[in-house]
Amino acid sequence: MKKVTMDDVLNKDIMELIIPGDKVAHVQVDNPLEHALLVLVKTGYSAIPVLDPSYKLRGVVSKTLILDSIFGMERIEFEKLSEHKVWEVMNDTPPVLKTNESFLDAIKLSIDHTFLCVEDQYGAYQGILTRSALLKYLNHYLRDNKNKESACLES
Ligand code: 2BA
């Protein structure tokens, strides 16, 4: 595997680390909650992006947000799953990373989020960048450097 330098890390094009939009599970703003819950349960993800019909990012919806919305004072109001739409419960200010932002910007945002939604400079949705993709890349860099240091000490 190619050695990674600190400059490589700081100048890493985040587009090389993202999961492209066509590989990311998503729901539409107008989908009923029951459809969103089904997608979340079947894919196994706890949260996924919400898009509109023009494929623009509108938010993020999670199992927790949906379940929280159907808990009434006395019972679980299952009928709400078919009556309410995704846009009513989603987080409409999801963490967004622009494609021209730096690797360090991505790390900073990822401290509080397991994944970031990625948009280009025109606001077109590109996919997601997961915290695990960033950690995997950093892990490669740190281990590579550690091995280099050990080799220097031994010689
Ligand atoms: P979570 O759903 O909370 O998933 C946390 C981690 O659990 C994932 O980390 C992955 O390592 C594992 N995991 C969960 N469901 C999985 C599944 N169905 N298949 C394989 N592994 C699964 P990451 O892969 O780094 O994902 C971080 C977050 O990004 C996920 O959080 C999810 O909210 C979102 N995500 C990742 N890939 C996605 C995709 N293809 N479509 C939609 N959302 C995705």
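The first residue of the sequence shown is numbered 1, and numbering continues consecutively from there. Ligands are counted one by one from 1 in listed order, and the atoms in each one are counted from 1 as well.
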Rounded to the nearest 0.5 Å, what's the gap from CE on M90 to OG on S69? Could you check? 13.5 Å
Where is the tightest heavy-atom contact between I48 and V27, given as atom of each residue plus distance? CD1-CG1, 4.0 Å
Measuring from atom CG of N139 to atom OG of S132, what distance do you get when rounded to the nearest 0.5 angstrom? 11.5 Å
Does any N or O in the side chain of R131 come within less than 3.5 Å of the main-chain N or O of S110, such that one atom is a donor and the other an acceptor? yes
Indicate whether the side chain of S54 and that of D52 have a donor and an acceptor atom separated by less than 3.5 Å. yes
Tell me which residues fall inside the under-4.0 Å heavy-atom shell around ligand 1. I19, K23, V24, A25, T43, G44, Y45, S46, A47, I48, T114, F115, I128, T130, S132
Taking the side chain from D105 and the backbone from E101, do they hold a donor-acceptor pair closer than 3.5 Å? no
